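Here is the structure we will look at, set down as structure tokens.
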Amino acid sequence: MSSILVKNEAKLGLKLVAPAVGIIGLLVIYPILFNIYLSFFDVQLNGDKTFVGLDNYTDLLGNPRYYHSVGVSIVYLIGTVIGTTVLGLAAAVLMNQEFRFRNLARGLILLPYFAPVISVVFGWQFIFDPVNGIYNHVVVDVLHLTDTRENLIGNPDSALFVVILFDIWKHFPIAYLLLLAKLQSVPKDLYEAAAIDGQNAWGRFWHVTLPELRFVIATVVLLRIIWNLNRFEDVYLLAPNVETLPIFTYYQAFAGIVDQGGAAAISVIQLLVLVGLIWLYVRKVLKW
Amino acid sequence: MKKSLLVASAVLVNGFLISPLSNAATVEFWTAQTQSDRLQTIELLASTFEALNDGVTVKVVGVDENEMATQMAAAVAAGTTPQLIEVNSEIIMALGEEGIVDTKTHQGVINDIGKQRFHKGALTTLTSPTGNYYGLPYHGWIQGIWYRKDWFDEKGLAAPNTWENIETAAKALTDKANNQYGILVGTKQDSYTEQVFTQLALSNNAAEFDAKGKLIFNSPATLETINYYKELAKYNPPGPQNWRARDYYLQGKMGMFFYSTYIMDDLALAEVAKGSLSSENFKELSGGTFDPELVKNTAFAPIISHKSAASYGTLSGLVALKTKSAADAKATKDFIEFMYDPASYITFLHMAPGGMNPMLKGIAEDSAYLDDPNGVFKLYGADKMKQIVSGFDDIRSFSVVKGKTFPASGAIFAKSVIPRMIYDVTIENEDPQQALDSAEAEMKTIMGK
């Protein structure tokens, strides 16, 4: 009798998850499989396909620009992830203190995150315009720090750092928001106990705040990695010559006439890289 | 039942209600004219056509020229291909090779209008290797160097019509400490860079293809052009630049710049706006000396000579795309012919007097054409206009060699191979020969597909 009950329950369970499985299958699994399939073809716009085997992959892996963009992406990822997390943490600790106009300050910090990308990108471009921008005006004409006007956003040596700076400025509020929420729930008596044990402010931060925040910080880092590995619009709009992986993919596959086979091959590799990275991070760093 | 299902799905697919008349047809028209005032003019033409043709809906969509190929690819893949687009000849040739262009409609329009009425060079530019028309020439521009005549005279410089003259003048007019720049050449990875490079390359007899269609881009002549380009880029405003930097010219911070005849409109507008833009309003900006006499002090050098004389221009055309609906195809053909009707044609061309020049003979002499609303043609004089339009009998470009067309050039253009090469050399300081080698390799990959 009990076995019938278990069987019936299993059937009901299957029925209940069926819609979710169906939707995920249709919207996630099918596109991934179709994408893998396409990566072995040369696809014309009118739908004609020619089987080319591994050509799309060998073209890609034989392209030096690809490895260059992997390098740029790694620098971009490390810079932005560390930058947003540290700045977000600092802002959260600061905003957790009592002071006048604290609520106002808490709200103002969020502004860069809310502002539309395109408008702040234009703002940054105007600021750094080599001929008319306020940055060069102040540095060259007012402070006389140097004679040469720099195009910081256009110059490939500095562009990557401007893009990293932009991302940190634009996205640290989300790290701040998540961390502040957790900070507010840290019990006060932990700090009191630490103070009785003779810990100064730094010791209290190191031994109480950080361990309490560990999982939130880990989540922030994970989210930032996923977002920024695929980040396109900020980089492309601000400095299209910074070739991170998504920008490389765009130039390679989507600029001009779309090379659907090639694009599929790139995204298959990118998916593998992302899955591998996340697996490594979750198992080795987070130890979940 | 089946019919109602069809209608319902048609409504779903199109996102709006189609009038249930039997001759109902839709022309979705993508235009590269994205400025709102130009879109308004095109909307007006579309409404006029709708009023004349019962049951036909014309939907005008503005698509940025640099995005056109990508957007088209997405639309074709999604099954929402527009019926008609207006875009530059390079992209037309690339799309033509993809097998989505309705060459029959084009042939029909040419038969109706008369082949001999089109400028010959313009029509050749859009002809496929097998003799089909991938598009219909609609308007075109000529590129050249626009320069401050008064500054040239002051310093005793010769007009920038040879390589030597250009370089000498660029050097003489650059004063970076005072925020003054000698010249603007494109160094960003976009089409402006290719346009500037092409004119210089043609004047040095460098080409992409020979008459047999063999790729001959990697040549001493091309290398020489790249080295020269790199020299000129030294006198550019700092960092990667594209056509937007022409604003520095309008602000009096640049001596000369490569630009199409489109600037005539902007210069004329600057003339109109001179009341509000005076040096006094901008005295805070270093170098900024706005010249109220800018039109008078600007001269145009359309031909650059080195090993040969090269004038460079390009044209935009109308392209009908394959559609399953015969009614839509018919309406598209009618709409194209309406757009060539002198009244609507001149209305369209007047959106950018001087920039958009007619591709049909006889229009430029039309008194209605010469009487544009901004008075641009009066400002420049009828003779100058006639001289510009006559250039279209012999437009030179990479894709046409001795009367034969090589559409692969369009695919290479669409992939920005040349602009990226120039960017690598001028901004990333890559070795010119190395950059040329990789550009050639990329061109071969594109042609192999």
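Everything quoted here is computed from the prediction, not taken from an experiment. Proteins come first, then strands; the chains are lettered A, B, ... in the order of their sequence lines, and each starts at number 1.
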**Message:** Need one label for A/Y250: side chain, backbone, both or neither, based on atoms under 4.5 Å from any heavy atom in chain B.
**Reply:** side chain
**Request:** Please state whether the side chain, the backbone, both or neither of B/E67 comes within less than 4.5 Å of a heavy atom of chain A.
**Result:** side chain
**Asked** In terms of heavy-atom proximity below 4.5 Å to chain B, should A/D129 be classed as side chain, backbone, both, or neither?
**Response** side chain
**Request:** Dump the intermediate steps for side chain to side chain donor-acceptor pair (under 3.5 Å) on A/Y236 and A/D234, then the final yes or no.
**Result:** CA-CA 6 Å; A/Y236 184 72; A/D234 302 17; over 6 Å; no
**Prompt:** Checking heavy atoms, do the side chain of B/F413, its backbone, both or neither come under 4.5 Å from chain A?
**Reply:** neither
**Prompt:** Of the backbone (N, CA, C, O) and the side chain (C-beta and beyond), which part of B/I100 lies under 4.5 Å from a heavy atom of chain A, both, or neither?
**Reply:** side chain
**Message:** For the backbone of A/T80 and the side chain of A/T84, can you confirm whether one donor and one acceptor N or O come within less than 3.5 Å of each other?
**Reply:** yes
**Asked** Who among A/N241, A/T148, A/N63, A/N155 has the most heavy-atom pairs with chain B under 4.5 Å?
**Response** A/N241
**Message:** Would you say that more than 12 heavy atoms from the other residues, nucleotides or ligands in this model lie under 6.0 Å from the CG of B/D431, or not?
**Reply:** yes
**Asked** For A/R65 and B/D424, what are the C-alpha separation, side-chain angles and deciding distance, and is it a salt bridge (Lys or Arg N to Asp or Glu O under 4.0 Å)?
**Response** CA-CA 12 Å; A/R65 275 179 191 261; B/D424 285 344; 2.9 Å; yes
**Message:** What I want to find out is whether A/R231 reaches A/E233 closely enough, with some N-O distance under 4.0 Å, to be called a salt bridge.
**Reply:** yes
